[in-house]
Amino acid sequence: MQSLFNLRREQGGRFLTFAKGIAILLIFFHHLARSAWLSRGMATPSLMQWTFTSCRVDFGILASAFQAGKYSEVLLRLMAHFGYVGVHLFVLLSGLGLALGTAETIPAGIFLKRRVRKLVPPFWIAVIIFSVLDWVAGHPYSIGQIAERLFLFTTFDANRFFIIDSPLWCLAVFFQLYLLFLPLRRLIVRFGPLSLLPLALIGFLARLLASQPQIVKWNEYAGHTLAPNWLAVFGLGIWIGDKLRRNGEVALPAWAVAGTALISIPFFVFSELYTNAYPIHDTAIGLLMVVVAFLAWRLAVAIHAAHILSAVGAVSFPLYLYHRPIVTKAVNLWCRNYDPASPLFLCMGLALAVVLIVFLHVVKKSLRATPALAAWTLGE
């Protein structure tokens, strides 16, 4: 049987870096698109992951804009709708990377200590930097608000969910998944890919629970922060990473890739159109993203272009930590005089991404002589 995707263990690190490049660019342009709409006071697109409402009206707007030749507006709306799937890819890659690089015999305390050491210092430094900048700009946060952000208490408060640096809500999800990783891996090793089915059911039920009016009234973002909602995506990454670690290779035949896409695409479209079907949304996206990442890797390797996205992925974590406030400021400055739906706006966004990536590589290179400082600031 012909294999559409082969990955050997020695390629695992390069694939992870490559796929992280895809994930962070999706997130970067998602935030660029959202900022464009918000800065102009336009109606925010019906983003399913926030509102739990049907997107069918916005799909009609997309079709109308496309027929009118407003391709930049269509692209912006698509990024506003779907760029957030980069988070799903990050969750998948986290499970893959942990399963590939973590020994089966590691004590839970040592594992969690390593995770905290890698994520918390750069996360705290980013919060402190943007808190100071907001104070200088005349919009100071209180010590209590900063402390709530540092310890992720804002996760449970819808009014403060996005303060200081909005993408940092995602770290609350990762810390929960780290707590579950070791028992989850044992489960997946024992039962194989069949274990992903109950995980998908748990994710469906968790998202369904989070979309109930009582929960939404308490915190409309609760669904995003519940680790059970991400278990299928995280578990899929663990299964791939563990298979790569034990067998030295993962080979996905053409029928498996095509079948995964054929199964997940209808679920994805159905969940976009109907509110009641939305809880299956994240699992469908997770399946699609693994297909997209694998096919992109195969294509990039074939045309000798994998190094481009790998360069982006090499600084994906600091780019995630620092890009959002910078993107928001750049868009606000642009939209004082220019239309965000113009092709030039997208060129501005691309140029900003390139500048940030190059700058982070320069910083990373300058810190190589002091590994401890690199770890504290960039999460290296």
Side-chain angles (χ1 to χ4, degrees), residues 20 23-24 27-28 30-32 34-35 38-39 84 86-87 90-91 94 112-179 219 221 224-225 312-333 352-353 355-380:
K20 286 178 182 178
I24 192 60
I27 292 170
F28 178 93
H30 172 61
H31 289 148
L32 182 81
R34 290 199 70 192
S35 295
L38 295 174
S39 66
Y84 68 92
V87 175
F90 269 131
V91 171
S94 179
L112 293 173
K113 182 178 179 181
R114 289 177 181 175
R115 294 296 93 203
V116 169
R117 185 183 298 169
K118 183 175 178 62
L119 291 190
V120 169
F123 158 50
W124 280 6
I125 288 175
V127 170
I128 291 170
I129 286 175
F130 286 117
S131 297
V132 171
L133 291 177
D134 283 326
W135 174 73
V136 171
H139 307 289
Y141 289 100
S142 68
I143 298 297
Q145 289 174 319
I146 296 172
E148 286 180 349
R149 194 53 157 170
L150 289 174
F151 292 98
L152 295 172
F153 294 143
T154 51
T155 305
F156 309 104
D157 186 346
N159 295 323
R160 297 180 179 178
F161 193 81
F162 296 116
I163 67 168
I164 302 179
D165 188 359
S166 58
L168 298 183
W169 66 265
C170 196
L171 294 181
V173 174
F174 281 103
F175 283 123
Q176 293 175 68
L177 293 175
Y178 293 154
L179 290 172
N219 188 347
Y221 311 119
H224 256 9
T225 60
V312 181
V315 291
S316 58
F317 185 42
L319 187 59
Y320 184 83
L321 290 176
Y322 292 101
H323 79 279
R324 184 62 162 114
I326 296 172
V327 164
T328 300
K329 185 63 176 178
V331 170
N332 287 338
L333 291 173
L352 179 61
V355 168
L356 288 175
I357 291 165
V358 171
F359 173 76
L360 288 171
H361 271 286
V362 171
V363 173
K364 181 179 178 180
K365 186 176 181 179
S366 68
L367 293 177
R368 281 181 179 172
T370 52
L373 185 58
W376 274 69
T377 53
L378 301 180
E380 292 297 319

Q: Look at the aromatic rings of Y178 and F175 and report parallel, tilted or perpendicular, splitting at 30° and 60°.
A: perpendicular
Q. Counting only N and O atoms by type, is there a donor-acceptor contact under 3.5 Å from the side chain of Q145 to the main-chain atoms of I163?
A. no
Q: Answer yes or no: is there a side-chain heavy-atom contact under 4.5 Å between Y141 and I146?
A: yes
Q) Between W124 and F151, is the gap from one ring center to the other below 6.0 Å? A) yes
Q.
Run I24 and K20 through side-chain contact (heavy atoms from CB on, under 4.5 Å) and show every step you take.
A. CA-CA 6 Å; I24 192 60; K20 286 178 182 178; over 6 Å; no
Q.
To check you understand the geometry: which heavy-atom pair defines the closest contact between A23 and G86, and what is its length?
A. CB-O, 3.5 Å
Q: Determine the minimum heavy-atom distance between L32 and V327, stating which atoms define it.
A: CA-CG1, 3.7 Å
Q. Roughly how far, to the nearest 0.5 Å, is the CZ atom of R34 from the OG atom of S166?
A. 8.0 Å
Q: List the atom of D157, the atom of N159, and the distance in Å for their closest heavy-atom pair.
A: OD1-N, 3.0 Å
Q: With sequence neighbours left out, write down each residue that passes side-chain contact (heavy atoms from CB on, under 4.5 Å) with F359, or none if nothing qualifies.
A: V363
Q) Are the aromatic ring centres of F28 and Y320 under 6.0 angstrom apart? A) no
Taking distance alone, no hydrogens or angles, what donor-acceptor pairs closer than 3.5 Å link side-chain atoms of residues 125-138 to residues at least two apart or in another chain?
from, atom 1, to, atom 2, distance (Å)
S131, OG, V127, O, 2.7

Q) Just how far is it from atom SG of C170 to atom CG of L152, taken to the nearest 0.5 Å? A) 10.5 Å
Q) Just wondering, do F123 and L168 contact through their side chains at under 4.5 Å, heavy atoms? A) yes
**Q.** Sub-4.5 Å side-chain heavy-atom contact between T155 and Y221
**A.** no
Q) Is a side-chain N or O of S316 found less than 3.5 angstrom from the main chain of G313, in a donor-acceptor match? A) yes
(Q) Measuring only between side-chain heavy atoms, which start at C-beta, is F317 closer than 4.5 Å to L378? (A) no
Q) Do Y322 and D165 pass the side-chain contact (heavy atoms from CB on, under 4.5 Å) test, and can you show the C-alpha distance, the side-chain angles, and the key distance before you say yes or no? A) CA-CA 8 Å; Y322 292 101; D165 188 359; 5.7 Å; no
(Q) Do R324 and T328 make a side-chain contact, defined as non-hydrogen atoms from C-beta onward lying under 4.5 Å apart? (A) yes
Q.
Please report the interatomic distance OG1(T377) to NZ(K364), rounded to the nearest 0.5 Å.
A. 11.0 Å
Q. Say you draw a straight line from CD of E148 to CZ of F156; how long is it, rounded to the nearest 0.5 Å?
A. 11.5 Å
Q.
Would you say that T154 contacts F162 through its side chain, given a criterion of any heavy-atom pair below 4.5 Å between the two side chains?
A. no
(Q) Would you say that H323 contacts P318 through its side chain, given a criterion of any heavy-atom pair below 4.5 Å between the two side chains? (A) no
